[in-house]
Amino acid sequence: MEGSRSLEIVVVGAGLGGLAAAVALSGSGHQVTVFEATKELLTAGAGIQVPPPSTRILRSWGLEETLASKITIPMTFAFRRYEDSRLLGAIPLNPFCEQRYGAPWWTIHRGDYQKVLFEEALRRGASIKLDHRVIDVDLSKPTVTVQSSDKVETYEADLIIGADGLRSRIRTAFLGDTDPGLRPSSICAYRALVPLIAMNANEQRKPFMDPTNTNVDVWLGSGHFILAYPVRSGPEAQYNLVLVHPEKDEHTRHDLPPRFPRPASVPEVSAHYVDFCPEVKSILSQVVGEDESEYWIEQAALAPKDGILEWKLSDLDDLPTWSSADGTVIVIGDAAHAQRPYMSAGASTAVEDAVALAEFLKAEHLA
């Protein structure tokens with residue numbers, strides 16, 4: 001558009017929020033460069049839910065067809081009693097969400113989600129630089145100093161967006177000593193996967209992978225619960241598990257470093273859920289991990305073959321501001337308003353942040 005202004009924008013972090021920002025802002029006419037510290041887009045954590053606010057956005061970007069082979073469409077949230085798997089109640093998801101909110105509820109492997117956004121950002125013209133760690137921020141210009149495997153460079157931009165998570169370097173750059181940092185909870189969660197072949201090999205496990213009646217299953221116990229659902233389809237399908245428990249529990253190991261995520265073993269995990277139903281015990285006996293996780297590579301001496309990760313749930317106190325004084329350095333997603341990851345609200349709001357920002361910064365608005 002004649003007279004419009006295109007901004008040079010730097011995004012720090014290539015998680016879901018950062019890549020969504022690259023997609024949305026490139027689509028609004030801006031020049032976007034994403035810096036990501038890791039050498040590859042490898043994602044620990046496995047499955048993620050995609051609620052209607054996000055699926056509506058993904059549809060608007062024309063990505064539904066691309067995602068169709070990667071998503072699962074659950075019918076309900078099915079709440080079950082921990083001791084006997086008895087159904088306590090259910091909340092409808094699909095087609096209810098489509099009818100009520102105009103968009104469906106999906107589940108997906110986080111790595112698949114991230115890859116689709118990565119490829120769409122590139123298609124729209126964004127530049128994504130992996131193995132580029134931001135080591136300094138100068139608010140006065142603004143600039144970021146970036147270290148790659150072979151050099152250190154400084155990049156100037158009209159706008160710097162920190163999509164760099166709970167421990168955001170960008171947030172600390174403009175908040176300084178007033179940055180509250182993450183707020184740890186007393187809740188931990190194991191994350192793990194069970195392959196389709198293992199789920200289908202046993203009559204207790206098989207119904208939970210039924211492609212005609214998939215659900216998000218939640219087994220509720222005292223101080224513990226398990227949330228589980230299928231991800232992917234065909235022979236690559238897996239059953240995704242999130243196993244939540246108190247941090248200080250008699251079954252929690254204390255002989256490993258406190259860094260999170262940390263490796264855990266099947267016996268350790270199973271000990272937390274010894275009172276749960278036979279179906280849960282059967283599923284847990286088949287847990288495997290994801291060998292490609294960068295964390296596992298770094299922690300090879302500690303990591304058991306089972307490949308289970310334990311995470312400590314944390315969030316963030318309200319910040320006095322989400323931007324520098326002149327508004328040229330900002331944060332989005334977990335860097336701005338981290339939430340505990342229930343219902344995948346944190347990931348969804350990060351994507352919503354990206355779209356809201358792109359709408360505000362449409363090139364024609366800056367003419």
Side-chain angles (χ1 to χ4, degrees), residues 4-38 117 121 124-148 152-183 314-339 346-347 349-363 365-367:
S4 66
R5 182 183 175 200
S6 175
L7 299 179
E8 292 286 343
I9 298 175
V10 161
V11 178
V12 181
L16 297 177
L19 292 174
V23 171
L25 290 163
S26 296
S28 293
H30 302 295
Q31 303 302 309
V32 180
T33 302
V34 181
F35 293 116
E36 168 58 39
T38 60
L117 293 180
R124 294 187 178 207
S127 174
I128 303 175
K129 298 180 180 292
L130 304 179
D131 191 23
H132 280 64
R133 182 182 300 276
V134 171
I135 58 175
D136 193 30
V137 183
D138 186 338
L139 301 178
S140 64
K141 299 191 187 234
T143 62
V144 291
T145 300
V146 181
Q147 182 174 31
S148 61
V152 174
E153 296 178 286
T154 298
Y155 296 82
E156 188 170 354
D158 297 305
L159 177 66
I160 295 171
I161 301 171
D164 50 343
L166 264 171
R167 297 173 175 83
S168 171
R169 179 183 291 272
I170 305 304
R171 183 182 69 234
T172 301
F174 62 78
L175 286 183
D177 293 340
T178 65
D179 184 350
L182 61 86
R183 179 174 58 188
S314 301
D315 54 18
L316 195 66
D317 284 323
D318 291 343
L319 303 182
T321 178
W322 292 350
S323 71
S324 60
D326 63 0
T328 60
V329 181
I330 67 171
V331 287
I332 64 171
D334 279 354
H337 46 70
Q339 306 160 65
T349 53
V351 174
E352 294 171 57
D353 285 353
V355 172
L357 183 62
E359 182 67 25
F360 181 74
L361 294 177
K362 274 187 176 177
H365 295 170
L366 300 172

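Computed from a prediction, not measured in an experiment: that's the story for all the values here.
Ionic pairing of Asp164 and Arg169 is not present here: no N-O contact between side-chain nitrogen and carboxylate oxygen is shorter than 4.0 angstrom.
Between the CG atom in Leu175 and the CD1 atom in Ile170 there is a gap of 11.5 Å [rounded to 0.5 Å]. Atom CD of Glu156 sits about 7.0 Å away from atom OG1 of Thr143, to the nearest 0.5 Å. With rounding to the nearest 0.5 angstrom, the CD1 atom of Ile160 is 8.0 Å from the CG atom of Leu139. Note that CZ of Arg171 is 12.5 Å distant from OG1 of Thr321, once rounded to the nearest 0.5 Å. Between atom NE2 of residue His132 and atom CD of residue Glu153 there is a gap of 6.0 Å, rounded to the nearest 0.5 Å. Between atom CG of residue Asp318 and atom CZ of residue Arg183 there is a gap of 7.5 Å, rounded to the nearest 0.5 Å.
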Derivation and outcome, side-chain contact (heavy atoms from CB on, under 4.5 Å), residues Thr145 and Asp138: CA-CA 8 Å; Thr145 300; Asp138 186 338; over 6 Å; no
Step-by-step side-chain contact (heavy atoms from CB on, under 4.5 Å) determination, Phe174 to Val331: CA-CA 10 Å; Phe174 62 78; Val331 287; 4.0 Å; yes
Worked check of side-chain contact (heavy atoms from CB on, under 4.5 Å) between Leu159 and Leu361: CA-CA 11 Å; Leu159 177 66; Leu361 294 177; 3.5 Å; yes
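Across all non-hydrogen atoms, the minimal contact from Leu166 to Ala338 is CD2-CB, 3.3 Å. Across all non-hydrogen atoms, the minimal contact from Leu316 to Ala336 is CD2-O, 3.7 Å. When all heavy atoms of Val11 and Ala163 are compared, the pair lying nearest together is CG1-CB, 4.2 Å. Residues Ala24 and Ala354 approach most closely at CB-O, 3.7 Å, considering heavy atoms. Closest non-hydrogen pair, Leu25 versus Ile161, comes out as CD1-CD1, 3.5 Å. The minimum heavy-atom distance linking Gly346 with Asp334 is given by the pair CA-OD1, 4.4 Å.
Using a 4.5 Å heavy-atom cutoff, the side chains of Ile330 and Leu357 are in contact. Put simply, the side chain of Asp136 does not reach to within 4.5 Å of the side chain of Thr154, judged on heavy atoms. Within the 4.5 Å cutoff, the side chain of Val137 has no heavy atoms near those of the Val12 side chain.
With Ser26 contributing its side chain and Gly125 its backbone, the two residues share no donor-acceptor pair below 3.5 Å. Without hydrogens or angle criteria, Asp158 side chain to Glu8 main chain gives a donor-acceptor distance under 3.5 Å.
The aromatic rings of Phe35 and Tyr155 sit tilted, their planes meeting at an angle between 30° and 60°.
At a cut-off of 3.5 Å, with distance as the only test, a side-chain donor of Asp353 or His337 sits close to an acceptor on the other residue.
For CZ of Arg133, the number of neighbouring non-hydrogen atoms (other residues, nucleotides, ligands) closer than 6.0 Å is 12 at most.
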